[in-house]
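Have a look at the structure below, then the notes.
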Amino acid sequence: MTVITRFAPSPTGFLHIGGARTALFNWLFARHMGGKYLLRIEDTDRARSTDAAMQAILSGLDWLGLSGDEAPVYQHSRLDRHAAVARELLARGHAYHCYCSPDELQEMRTEARKLGRTALYDGRWRDRDPSEAPAGVDPVVRLKTPLQGETVIQDLVQGPVTVQNSQIDDFILLRADGTPTYMHSVVVDDHDMAITHVIRGDDHLNNAFRQVQLFQAMDWAVPAFAHIPLIHGPDGAKLSKRHGALGVEAYREMGYLPDALCNYLLRLGWAHGDDEIISRDQAIDWFDLDGVGRSASRFDMAKLDNLNGHYLRESPDEGIVDLILERLEGRPGLALNEQARERIARGLPGVKARAKTLVELADSAAFYAATPPLAMTDKAAALLTDDARALMRGLLEALAEATPWSEDVLEAIVRDHAEQNGVKLGAVAQPLRAALTGSNASPGIFEVLAILGPDEGRARITAIC
RNA sequence: GACCCCUUCGUCUAGUGGCCUAGGACAACGGCCUCUCACGCCGUAAACACGGGUUCGAGUCCCGUAGGGGUCGCCA
């Protein structure tokens, strides 16, 4: 049997971090098993579904490398099929019409709660004769679920989970307007798409028991379930906008690499011994549902940062330069010409070690593209005392001897200049750094001076003298 | 409230009855490297929620308590 998994987001918002992880696990499991990974857009709620959300989700998945193996299935295009299945259930006596009004249902719920029970539909139309139907009321269609016994799910993550059938009510299949509810359409679509493994957030665990009833009523094979724990915010509460409930495109904006985000998400709730840095291929090889933990985990930006820094350093320079230039576009005081590009490319290894995100990378590489006079940070400006400027004027003269203009030669000259003036290297290096980069922190200053070249290097020093 | 699930360092986790004096990673702290900041390297501190069992032996199995989460829509 070929494994078929699916990721089924509803386009009512962006692709958040939890959804991204669910998609990743589905993708990984399918790849690991040599199966297929499908996408389904759950847009039966036409009022809340938006095209923008759908695009955001699709492009987010694409960015993460988690696009479906086939074109996505749009649930709303299958309305007829959903209705047909409901009709069949009706004909087979597994479903019935219910004429309850919203008020009536609400009353039922408050009453149940008052009695200390789960708020369930009490089945009042289950065996009622159709002739009693009130006039002018469009009924909903409800599934006739078993009254006695229990339902057990052998969840691949949670283990065996048992629920009394008395806790499962006759839920709605078709709304009064004839459209299917989520509970109905997932089952029909999972069956029609031949899904073998349903991997999703464990907020759906309770729904699974209802869905099992529907599968059984249709005599359909019940797929395997794997309910993965939710991701919480740093405070242990549900992920909110304040924490990480941002769309994945927000992480892209913040300068995270897709591979880093996937690696982080993979390790959130899943482990393979002590391994931390796991490539995509390695993940496919190792991933299994047994390794998924059963408790919720908290989203930790610091660890994401660390991982991202690692992936940044490992990334080949070529692609990174373009990403930096892209982010530098439009910044004042910069000349993004071919020369700047070359300097950034040369200086990249030195800059990479100092950044955790592409944003930081762009920030710390920006000085290579700056035009004098450079904007100074407060700390850099404080470095340029009168004594320091005098030292810089002297250095300018000493630099006339710099041939070739190489890192080694420049280092020798600067060191010698410090010695000649009876000061420590830092007394020269720091003001020089301020002059060259506008900051008090940067890659090695001899490297910077070498990359800047004689003309630009001198110009920047002159500008602060 | 009812039902379901969960509980190892601050965080992510390893651990499937003896290898645990509980391991790794991030964060924190200290040090080395050093022209700054990083990177890197070395080191320190830090946890089995609690209470009962079962067993020769429990972080690992069972029960209870506490705490946390999820679900209870003609939303998905």
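Chain letters run A, B, ... following the sequence lines, proteins first and then strands; every chain starts at 1. No hydrogens, no waters, no symmetry mates; every other heavy atom, side chains included, goes into these values.
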Give me the ring orientation class for [X] and [Y]: parallel if the planes are under 30° apart, tilted from 30 to 60°, perpendicular past 60°.
X	Y	value
A:His272	A:Trp286	parallel
A:His184	A:His82	perpendicular
A:His227	A:Phe225	parallel

What is the separation between atom [atom1] on [X] and atom [atom2] on [N], rounded to the nearest whole Å?
X	N	atom1	atom2	value
A:Arg142	B:C74	CZ	P	6 Å
A:Ile57	B:A76	CD1	P	14 Å
A:Phe7	B:A76	CZ	C1'	12 Å
A:Leu266	B:A25	CG	C1'	14 Å
A:His272	B:G24	NE2	C1'	14 Å
A:Ile168	B:G73	CD1	C1'	17 Å
A:Arg48	B:G73	CZ	C1'	10 Å
A:Asp300	B:U11	CG	C1'	5 Å

Just to be sure I understand the rule, does [X] reach a base, reach only the sugar-phosphate, or reach nothing, if contact means heavy atoms closer than 4.0 Å?
X	answer
A:Val140	base
A:Gly269	sugar-phosphate
A:Glu42	sugar-phosphate
A:Ala176	base
A:Thr12	nothing
A:Cys98	nothing

Legend entry - Sole residue of A:Thr357, A:Asp363, A:Val359, A:Leu358 in side chain to side chain contact (heavy atoms under 4.5 Å, CB included) with A:Leu361: A:Leu358
Inset, instruction - Please say which of A:Leu15, A:Ile228, A:Leu66, A:Ile17 ends up in a side chain to side chain contact (heavy atoms under 4.5 Å, CB included) with A:Thr22. - result: A:Ile228
What does [N] pair with, Watson-Crick or G-U, if both distances are under 3.5 Å?
N	answer
B:G40	B:C32
B:U55	none
B:A76	none
B:U16	none
B:C26	B:G10
B:C50	B:G64

Legend entry - First of A:Leu105 and A:Gly293 reached from the 5' end of RNA chain B, by closest nucleotide: A:Gly293
Inset, instruction - Could you check A:Gln167 against A:Ile172 and say which one's nearest nucleotide on RNA chain B is further toward the 5' end? - result: A:Gln167
Inset, instruction - Using a 4.0 Å heavy-atom cut-off, write out nucleotides 34-46 of chain B from 5' to 3' as B (base contacted by protein), S (sugar-phosphate only) or - (no contact). - result: -BBBBSS------
Legend entry - Nucleic acid footprint by protein, nucleotides 66-72 of chain B - heavy-atom cut-off 4.0 Å, B for base, S for sugar-phosphate alone: ---SBSB
Nearest-Å distance once atom [atom1] is located in both [N] and [M]:
N	M	atom1	value
B:A46	B:C37	P	29 Å
B:A66	B:G59	P	24 Å
B:U54	B:C4	P	27 Å
B:G53	B:U71	P	38 Å
B:C63	B:A25	P	36 Å
B:A45	B:A27	C1'	13 Å
B:C61	B:U7	P	10 Å
B:A47	B:A22	C1'	9 Å

Legend entry - A:Arg40 to A:Phe7, cation-pi by 6.0 Å centre distance and 45° axis angle: no
Inset, instruction - Respond yes when some side-chain nitrogen or oxygen of A:Ser297 is under 4.0 Å from OP1 or OP2 of B:U13, and no when none is. - result: yes
Inset, instruction - Output yes when at least one side-chain N/O atom of A:Thr44 is less than 4.0 Å from OP1 or OP2 of B:A76, else no. - result: yes
Tell me every residue that passes salt bridge (Lys or Arg N to Asp or Glu O under 4.0 Å) with [X], counting only those two or more places apart in sequence or in another chain.
X	value
A:Arg21	none
A:Lys356	none
A:Arg87	none
A:Asp202	none

Inset, instruction - Ignoring hydrogens and angles, answer whether the base of B:A27 and the side-chain atoms of A:Lys303 contain a donor-acceptor pair closer than 3.5 Å. - result: no
Legend entry - A:Ser406 and A:Asp408: side chain donor to acceptor below 3.5 Å: no
Inset, instruction - Find out whether A:Arg458 and A:Ile461 are in side-chain contact, i.e. whether some heavy atom of one side chain is under 4.5 Å from a heavy atom of the other. - result: no
